> 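Would you mind keeping the following structure in view while I ask a few things?
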Amino acid sequence: MSIYRHILVALDGSVDSRTALRHAVTLARDQNAKLTLLTVVPHQPTPVGPGVAPPPETDESHNEIIKEALAEIPKDVGVTTRLERGEIAITILRVVAEDQYDLLVMGSHGHSRVHRALLGSVSEKVLHKAAVPVLMLRSHCQA
């Protein structure tokens with residue numbers, strides 16, 4: 001009997017996020033579950049002026065995260081993808097609430113450690129407010 005039928009995997013391109021993806025794939029195969037890969041482009045102030053670099057987190061960078069993740073998923077695992085925009089924790093929680101997921105899998109630490117220190121951890125916010133079980137994974141290596 002399968003416990004999980006639809007697993008949401010929140011990705012940000014970090015080492016912990018890739019570890020979470022690998023574990024989610026194992027679970028999906030074991031449970032005959034479908035995966036949805038989610039990445040969230042955070043709202044950022046738009047830089048203006050000549051010579052101002054674009055923000056580092058763009059739709060293109062997040063599409064690349066999804067593309068790399070899809071390359072790691074075996075053909076026998078059903079998968080869909082979502083690219084959303086907004087405040088990361090709130091957006092993940094909204095997606096979980098909108099759809100019928102049985103489990104949320106994510107890395108315990110993302111790219112923005114300075115951001116976490118200033119505003120609080122995305123993973124902590126999601127863990128405390130998610131309406132479904134949350135599986136957080138941490139990589140053994142520090143990359």
Side-chain angles (χ1 to χ4, degrees), residues 1-48 52-143:
M1 181 168 119
S2 296
I3 296 172
Y4 306 119
R5 293 179 316 279
H6 199 176
I7 301 169
L8 179 65
V9 185
L11 302 170
D12 65 5
S14 67
V15 173
D16 287 351
S17 175
R18 289 190 296 276
T19 298
L21 175 63
R22 285 190 296 274
H23 195 81
V25 167
T26 300
L27 276 173
R29 286 179 117 177
D30 180 61
Q31 298 286 307
N32 196 27
K34 178 180 174 184
L35 294 177
T36 295
L37 309 181
L38 169 68
T39 188
V40 181
V41 180
H43 286 301
Q44 298 177 352
T46 304
V48 292
V52 176
E57 299 204 49
T58 63
D59 284 14
E60 288 176 26
S61 66
H62 284 266
N63 280 325
E64 188 62 30
I65 290 168
I66 292 288
K67 181 180 173 185
E68 289 173 7
L70 285 170
E72 292 188 37
I73 297 177
K75 300 288 185 209
D76 63 334
V77 176
V79 62
T80 59
T81 63
R82 289 183 72 158
L83 177 90
E84 298 283 336
R85 290 164 197 79
E87 196 279 316
I88 298 169
I90 291 171
T91 303
I92 292 169
L93 291 166
R94 178 182 52 77
V95 169
V96 166
E98 286 175 356
D99 293 317
Q100 304 242 336
Y101 297 103
D102 304 302
L103 178 68
L104 168 61
V105 180
M106 62 189 297
S108 64
H109 294 90
H111 275 254
S112 182
R113 294 180 193 258
V114 171
H115 177 79
R116 183 181 72 237
L118 296 174
L119 300 175
S121 166
V122 168
S123 56
E124 287 177 35
K125 289 178 185 176
V126 171
L127 179 62
H128 293 298
K129 295 184 179 181
V132 299
V134 178
L135 176 59
M136 286 194 195
L137 292 126
R138 190 170 192 184
S139 173
H140 293 293
C141 64
Q142 300 297 317

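Below, all heavy atoms of this structure are taken into account, side chains as well, without hydrogens, waters or symmetry copies. For clarity, every value in this text was computed on a predicted model and none was experimentally measured. Along the sequence shown, residues carry numbers from 1.
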> Of the non-hydrogen atoms in Val77 and Ala28, which two are nearest, and what is the gap between them?
CG1-CB, 3.9 Å

> What's the spacing between Leu37 CG and Leu21 CG if we round to 0.5 Å?
6.0 Å

> What are the two closest heavy atoms between Ile7 and Ala33, and how far apart are they?
CD1-CB, 4.0 Å

> Could you tell me whether a side-chain N or O of Ser17 sits under 3.5 Å from a main-chain N or O of Gly107, the two making a donor and an acceptor?
no

> Is a donor from one side chain sitting under 3.5 angstrom from an acceptor on the other, for Ser14 and Asp12?
yes

> I'd like a table of donor-acceptor pairs (distance under 3.5 Å, sequence neighbours excluded) in which one partner is a side-chain atom from residues 66-74, with atom names and distances.
none

> Show the nearest heavy-atom pair for residues Thr19 and Ser139, with the distance to one decimal.
OG1-CB, 3.4 Å

> Would you please name every residue forming a side-chain contact (heavy atoms from CB on, under 4.5 Å) with Ala130, sequence neighbours left out?
Leu93, Val126, Val134

> Identify, with sequence neighbours excluded, every residue that meets side-chain contact (heavy atoms from CB on, under 4.5 Å) alongside Lys34.
His6, Thr80

> Enter the distance from Leu127:CG to Leu135:CG here, rounded to the nearest 0.5 Å.
10.5 Å

> Taking side-chain contact (heavy atoms from CB on, under 4.5 Å) as the test, write out the residues that go with Gln100, two or more places apart.
none

> For the residue pair Pro42 and His62, what are the closest heavy atoms and their distance?
CD-NE2, 4.0 Å

> Quick one: salt bridge (Lys or Arg N to Asp or Glu O under 4.0 Å) partners of Asp30, sequence neighbours excluded?
none

> Only pairs at least two apart or in different chains count here, so list each salt bridge (Lys or Arg N to Asp or Glu O under 4.0 Å) that has a residue in residues 76-86.
Arg29-Asp76, Asp59-Arg85, Arg82-Glu84, Arg82-Glu98, Arg82-Asp99, Glu84-Arg94

> Does anything in residues 14-35 pair up under ring-ring contact (aromatic ring centres under 6.0 Å, His included), and if so which pairs, sequence neighbours excluded?
none

> Suppose we screen for salt bridge (Lys or Arg N to Asp or Glu O under 4.0 Å). Which residues come up paired with Arg5, at least two apart in sequence or across chains?
Asp102

> According to salt bridge (Lys or Arg N to Asp or Glu O under 4.0 Å), who are the partners of Glu60, at least two apart in sequence or on a separate chain?
none

> Please round to the nearest 0.5 Å and tell me the distance separating atom CG of Leu38 and atom CD1 of Ile65.
10.5 Å

> So which heavy atom on Tyr101 is nearest to which on Val95, and how close?
CE1-O, 3.6 Å

> Do you know which two heavy atoms are closest between Arg18 and Gly13, and how far apart they sit?
NH1-O, 2.5 Å

> To the nearest 0.5 angstrom, please state how far the CE atom of Met106 sits from the OG atom of Ser123.
5.5 Å

> Other residues, nucleotides and ligands only: do more than 12 of their heavy atoms fall within 6.0 Å of CG on Asn32?
no

> So, taking the atom named CD1 in Ile3 and the one named CG in Leu103, what distance separates them when rounded to the nearest 0.5 Å?
10.0 Å

